[in-house]
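Accompanying notes for the structure given below.
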Amino acid sequence: MRGHFNYLRPDCVTECLDMLDQYGNETAILAGGTDVMISLRTGVKKPRIILDISRLPETRQVEPYGETVRVGSTLTYSELIDHPVIRQEFPALCAAMGCVGSLQIRNVGTLGGNIANSSPAADSIPPMMLRDAEIIIQKKGSSRIQKLEKLIVGAYSNTLEPNELITGIILTKIKKGYRESYQRIGRRKSLSIARINAAILGRLNDSGVIEDARISVGSVAPSPMRMTNVESHLKGRKPELKTILEASRMIAQEIIDLVGVRHSTEYKQPAIAGLALKCLEDVFLDSSVN
Amino acid sequence: MNLEIDFCLNGSEIRLSIKPWETALDVLRNQSGLTGVKEGCGIGECGACTIIIDGKAVNSCLILAAQLDGRKVETVEGLEVDGKMHFIQQAFLDKGAVQCGFCTPGMLMSAKALLDKVENPSTDKIVEAMTGNLCRCAGYVQILEAVREATCMKAPLNKDDVTNS
Ligand SMILES: Cc1cc2nc3c(=O)[nH]c(=O)nc-3n(C[C@H](O)[C@H](O)[C@H](O)COP(=O)(O)OP(=O)(O)OC[C@H]3O[C@@H](n4cnc5c(N)ncnc54)[C@H](O)[C@@H]3O)c2cc1C
Ligand code: FES
Ligand code: FES
């Protein structure tokens, strides 16, 4: 059951970093609390201090900057989904955020929390990976920026130190002619963690040939992963149904090769292929019609 | 090691002395006596503990009482005014959307958060707002019908409010 702890709520990032510097090792950061409150209840986490970062003004803004947008780490899914810039620039991320839990969970859960929790099934991570996501991490006296792929090193594991705070996420805006899609399979539509999830981003050139394709698949390996072989296979080809089908089977095969054949393979292999096909169709087939 | 928190609860400013590890659910039930806030699962999956904070439906089992400080909090107890049921409560009765009643307070709060924000929500919006609330007996069809009915009742009631004031 829930142990006893102190509750601290800093008013600004500087104060927060001071507190982390002093008490980081015995502290659990709480943003929306949708992961932390469960760990406190089960006793998986027994911090001496809970540091509530949900009201830090510096982490609650969306700031477009040239080709990129800097997204504050403690904005909730609901706030982001309702934000005009986020809606316009990040359709796949919006679709992914719309899949998280329930409205009650989206009303408090944050993007920073999803990243720091580093679940293999995190909905927001695959679409952010495709937008060159860079994570802004601060500690007392210094800050660093790390690519999302590098930050997450395994299931529920990342490079964050106990005295570090994610303050924001830098995402690249959607470029002209690009389309993207996010799909997931869960046991039911809401309140279920993704069994498989995928984001695909791509662009056709003027002659209808695939010029760029980026694929990120979650839930199947310890952390969401880019499918670079399939990406290069697609580039330079026309998005005919045959090619798309082939690519979706390649994605499934590559994942099965990686995780090994298990009792679930018979279900997972066609499910992954089907999911990938849906994404690839969204991105490449619809656009070739236009 | 108690903490003092000040917040607005169902329209009244209050101050409570709480323990840092207590949830909003614990404190609302045990200190404020608002037992309409139900604990079903305790892990954010059933919605029985739904309350409204600053206009948004949230699960009070996943929120620390300390987080209520400075917020505007609404529970099912705040729905009835001067002995008169809220129109969403009336719609739930009219449509037979209550059986054992355990899920009902949470359902009502999710519906209220939606209708406070959206004038005339689509069926998709209603479903989106209600899927975080589970019911093991009455049936979702009646519940969704009740929310739909409540959206229709809302407009005339608002006019009453204007003429009364
Ligand atoms: C019922 C339920 C359903 C869910 N469904 C989904 C789902 O469908 N998809 C999904 O992806 N997730 C789901 N989750 C998990 C959770 O909601 C998400 O991971 C959410 O994004 C976590 O954000 P939070 O702000 O609530 O994190 P918190 O619980 O506040 O924090 C999560 C972790 O990150 C750390 N942390 C938080 N913010 C920062 C920061 N800025 N800097 C450094 N460390 C930080 C915390 O210390 C903690 O370890 C679900 C959870 C519940 C309870
Ligand atoms: S008791 Fe809070 S969601 Fe079930
Ligand atoms: S009426 Fe019994 S749980 Fe919904």
Side-chain angles (χ1 to χ4, degrees), chain A residues 1-11 27-55 74 76-79 81-82 97-110 113 186-193, chain B residues 1-5 18-26 39-71 106-107 109-114 117-118 121 124-134 140:
Chain A
M1 263 324 279
R2 216 172 308 127
H4 292 183
F5 47 76
N6 262 319
Y7 171 89
L8 297 178
R9 191 176 62 226
D11 291 323
T27 293
I29 290 175
L30 176 143
T34 57
D35 285 313
V36 165
M37 289 295 283
I38 310 279
S39 321
L40 293 175
R41 187 186 161 96
T42 55
V44 169
K45 280 206 172 121
K46 290 193 169 67
R48 202 174 66 76
I49 294 165
I50 284 285
L51 188 64
D52 180 354
I53 62 163
S54 64
R55 302 188 201 187
T74 68
T76 66
Y77 293 117
S78 294
E79 287 166 335
I81 291 169
D82 285 344
M97 295 191 295
C99 293
V100 173
S102 61
L103 187 60
Q104 288 96 320
I105 297 290
R106 295 194 292 279
N107 280 343
V108 295
T110 67
R187 228 180 321 184
R188 60 189 205 100
K189 213 172 154 205
S190 56
L191 285 167
S192 67
I193 300 299
Chain B
M1 51 169 176
N2 276 14
L3 291 173
E4 302 277 302
I5 56 168
I18 55 139
K19 303 268 187 255
W21 54 86
E22 285 179 304
T23 62
L25 172 75
D26 296 336
E39 174 158 16
C41 64
I43 53 170
E45 290 183 353
C46 74
C49 66
T50 303
I51 60 172
I52 301 178
I53 299 183
D54 288 350
K56 298 208 157 150
V58 301
N59 295 319
S60 60
C61 68
L62 294 184
I63 300 213
L64 290 173
Q67 293 175 269
L68 299 179
D69 188 40
R71 304 298 196 196
M107 293 278 180
M109 296 322 278
S110 284
K112 179 169 194 288
L114 173 70
K117 192 170 142 202
V118 187
D124 280 356
K125 268 273 173 216
I126 296 178
V127 171
E128 184 194 28
M130 305 301 294
T131 41
N133 295 76
L134 304 185
Y140 297 105

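Throughout, protein chains are lettered first and strands after them, A, B, ... in sequence-line order, and every chain is numbered starting at 1. Quantities reported herein were computed from a predicted structural model and do not represent experimental measurements. For the numbers below, each heavy atom of this structure counts, side chains included, while hydrogens, waters and symmetry mates do not.
For B:Ser110, the part lying near chain A is the side chain, with the backbone staying farther off; criterion is any non-hydrogen pair under 4.5 Å. The contact between B:Cys41 and chain A is made entirely by backbone atoms, counting heavy-atom distances below 4.5 Å. Using a 4.5 Å cut-off between heavy atoms, A:Asp52 contacts chain B through its side chain alone, with no backbone atom that close.
One finds the OG1 atom of B:Thr23 at 11.0 Å from the CG atom of A:Leu40 (value rounded to the nearest 0.5 Å). Rounded to the nearest 0.5 Å, atoms CD1 (B:Ile63) and CE (A:Met37) are 8.0 Å apart.
Sorted by first and then second residue, the salt bridge (charged side-chain N to carboxylate O under 4.0 Å, His left out) pairs with a member in residues 49-66 of chain B read B:Asp54-B:Arg71; sequence neighbours excluded.
In terms of heavy atoms, B:Gly132 sits closest to A:Ser102 at CA-CB, 3.4 Å. Across A:Phe5 and B:Pro20, no two heavy atoms sit closer than the pair O-CB, 3.1 Å. When every heavy atom of A:Asn6 is checked against every heavy atom of B:Met1, the shortest pair comes out as OD1-SD, 3.2 Å.
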Checklist line | Stepwise salt bridge (Lys or Arg N to Asp or Glu O under 4.0 Å) test for A:Asp82 and B:Lys117 | finding: CA-CA 13 Å; A:Asp82 285 344; B:Lys117 192 170 142 202; 3.7 Å; yes
Note to self: I'd like to know whether B:Met130 forms a side chain to side chain contact (heavy atoms under 4.5 Å, CB included) with A:Leu103, so could you lay out the CA-CA distance, the side-chain angles of the two residues, the decisive distance to 0.1 Å, and finally the verdict.
What the structure shows: CA-CA 8 Å; B:Met130 305 301 294; A:Leu103 187 60; over 6 Å; no
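With chain A as partner, the option from B:Ile53, B:Leu3, B:Leu64 having the largest number of non-hydrogen pairs under 4.5 angstrom is B:Leu64.
The salt bridge (Lys or Arg N to Asp or Glu O under 4.0 Å) test applied to B:Asp26 returns A:Arg2, not counting sequence neighbours.
Neither side chain, A:Ser54 nor B:Gln67, offers a donor N or O lying under 3.5 Å from an acceptor on the other.
Using modelled atom types, no side-chain atom of B:Asn59 and backbone atom of A:Gln104 make a donor-acceptor pair closer than 3.5 Å.
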